[in-house]
Amino acid sequence: MIFVGDGALLRRAVAHAAAQGHSVDLVCSADPQDATAGGAPHLHLPAAEADAPAEAIAPADVNAHADALADTCTDGIVWSLNNRRIFRAPLLSRGLRILNVHNGLLPRHRGLPSVAVLFALLNGEREYGATLHEVDAGIDTGRVLAVRRFPVAPDARHFQVMLHGVRACQALFEESLPAVAAGAPPGPPPAPAGPSAYHGTRALARLVAHRDHPAYARATDLGPFAAHAPELAAAIAAVTGSHAGHCPSPGSSYSL
């Protein structure tokens with residue numbers, strides 16, 4: 001199996017798969033250290049920009065390596081975790097089973113998790129979670145295979161929901177891995193979480209309209225996740241006229 005993504009969530013998934021005896025054929029990410037735990041080869045792919053245009057395929061794009069990935073993958077499975085790269089036709093047409101573990105409930109929380117959490121809190125949603133879905137030509141539009149839900153407390157802050165979501169992604173991957181590797185469904189088909197909505201960087205233009213919302217302070221408290229959501233942090237700073245992220249407590253940090 002091949003892994004595509006970035007950060008600690010990717011590394012933990014690679015390490016878990018290797019520890020369970022699965023062959024990790026390749027890790028595609030920006031950091032070569034992501035492949036170390038699985039003892040796998042590494043393909044360097046720079047981190048993708050949010051809402052990147054789809055007109056061209058650059059050499060650094062994962063889709064430019066479609067043939068190599070298809071030849072390298074021994075079981076036909078590609079995992080996408082904490083991954084902002086968009087899979088397109090060159091790779092989607094190679095007969096691989098590409099699965100994404102998404103921080104959010106689909107199709108309600110399509111797009112960037114940091115932006116989805118922001119609007120979930122502003123909308124007063126009381127449930128969030130992680131979703132395992134097949135990857136198709138759309139963005140977070142593939143068939144949902146499994147979900148892991150958790151309640152959102154009335155006083156929950158952005159960074160708390162994000163952290164809970166990351167942990168749910170890890171748990172969902174570990175729960176689903178045996179069935180996926182065996183070619184079986186991870187469980188009964190879950191009901192979709194609707195209505196469908198896409199949360200990209202363009203949605204941040206609406207943030208100023210929520211400046212006086214009672215939940216605004218909680219929804220924009222990025223805490224230690226500010227470094228991982230630069231577009232959102234900049235949008236919050238533009239609205240508030242101050243540094244976004246609400247500096248975390250001393251010693252507080254988290255790596256996605």
Side-chain angles (χ1 to χ4, degrees), residues 1-48 60-103 106 113 130-148 165-187 189-190 255-256:
M1 54 186 63
I2 292 176
F3 289 80
V4 183
D6 292 290
L9 180 60
L10 175 72
R11 294 186 190 187
R12 288 193 293 268
V14 169
H16 179 78
Q20 296 302 307
H22 299 287
S23 176
V24 179
D25 303 309
L26 183 66
V27 176
C28 308
S29 71
D31 186 352
Q33 293 300 314
D34 294 334
T36 303
H42 181 262
L43 174 63
H44 176 71
L45 294 176
D61 188 336
V62 65
N63 299 283
H65 303 277
D67 289 335
L69 266 64
D71 292 341
T72 301
C73 193
T74 56
D75 59 5
I77 300 171
V78 177
W79 289 97
S80 167
L81 298 107
N82 192 34
N83 177 38
R84 291 172 64 159
R85 302 164 186 85
I86 299 175
F87 297 101
R88 302 192 182 105
L91 189 52
L92 295 176
S93 62
R94 292 304 189 271
L96 298 168
R97 189 181 189 196
I98 307 177
L99 305 175
N100 182 51
V101 181
H102 179 74
N103 190 340
L106 297 178
T131 303
L132 172 67
H133 68 98
E134 295 177 341
V135 173
D136 60 13
I139 299 178
D140 300 327
T141 55
R143 183 167 64 105
V144 172
L145 302 176
V147 299
R148 188 177 179 90
V166 170
R167 290 171 175 165
C169 286
Q170 179 181 351
L172 184 59
F173 168 77
E174 294 180 2
E175 293 168 356
S176 304
L177 178 61
V180 169
S255 178
L256 283 175

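For reference, positions follow the sequence shown, starting with 1. Quick note: numbers below take in every heavy atom, side chains included, and nothing from hydrogens, waters or symmetry partners.
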So, do [X] and [Y] sit near enough that their side-chain heavy atoms are less than 4.5 Å apart?
{"X": "F87", "Y": "V4", "value": "yes"}
{"X": "D6", "Y": "R85", "value": "yes"}
{"X": "V180", "Y": "M1", "value": "no"}
{"X": "V78", "Y": "V135", "value": "no"}

Inset, instruction - Taking salt bridge (Lys or Arg N to Asp or Glu O under 4.0 Å) as the test, write out the residues that go with E134, two or more places apart. - result: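 So E134 forms a salt bridge (Lys or Arg N to Asp or Glu O under 4.0 Å) with R97, R143.
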Legend entry - Partners passing salt bridge (Lys or Arg N to Asp or Glu O under 4.0 Å) against D75 (at least two apart in sequence or in another chain):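 With neighbours one apart ignored, the set is empty.
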Legend entry - Result of checking V62, V27, L69 against L43 for side-chain contact (heavy atoms from CB on, under 4.5 Å):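 That would be L69.
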Looking at [atom1] of [X] and [atom2] of [Y], how far apart are the two atoms once the value is rounded to the nearest 0.5 Å?
{"X": "H133", "Y": "T141", "atom1": "NE2", "atom2": "OG1", "answer": "8.0 Å"}
{"X": "L132", "Y": "F173", "atom1": "CG", "atom2": "CZ", "answer": "9.5 Å"}
{"X": "H102", "Y": "L172", "atom1": "NE2", "atom2": "CG", "answer": "12.0 Å"}
{"X": "T72", "Y": "D67", "atom1": "OG1", "atom2": "CG", "answer": "10.0 Å"}
{"X": "S80", "Y": "L10", "atom1": "OG", "atom2": "CG", "answer": "9.0 Å"}
{"X": "L177", "Y": "H22", "atom1": "CG", "atom2": "NE2", "answer": "4.0 Å"}

Legend entry - Aromatic ring pairing F3/W79, orientation class (parallel under 30°, perpendicular over 60°, tilted between): parallel
Inset, instruction - I would like to know whether C169 and L81 meet side-chain contact (heavy atoms from CB on, under 4.5 Å); could you show each step before the answer? - result: CA-CA 8 Å; C169 286; L81 298 107; 5.9 Å; no
Inset, instruction - Using modelled atom types only, decide if a donor and an acceptor are shared between the side chain of H42 and the backbone of D31 within a distance under 3.5 Å. - result: yes
Inset, instruction - Show your reasoning for whether side-chain contact (heavy atoms from CB on, under 4.5 Å) applies to C73 and L96. - result: CA-CA 8 Å; C73 193; L96 298 168; 4.0 Å; yes
Inset, instruction - Would you please test S23 and D25 for side chain to side chain donor-acceptor pair (under 3.5 Å) and show each step? - result: CA-CA 6 Å; S23 176; D25 303 309; 2.9 Å; yes
Legend entry - Where V147 and P190 come nearest, the two heavy atoms and their spacing: CG2-CB, 3.9 Å
Legend entry - Shortest non-hydrogen separation from R94 to P90 and the atoms involved: NH1-O, 2.7 Å
Legend entry - Partner of S29 by side chain to side chain donor-acceptor pair (under 3.5 Å), out of D34, N82, N83: D34
Inset, instruction - Using the side-chain contact (heavy atoms from CB on, under 4.5 Å) rule, take V166 and N103 through it: C-alpha gap first, then chi angles, then the decisive distance, then the call. - result: CA-CA 6 Å; V166 170; N103 190 340; 3.8 Å; yes
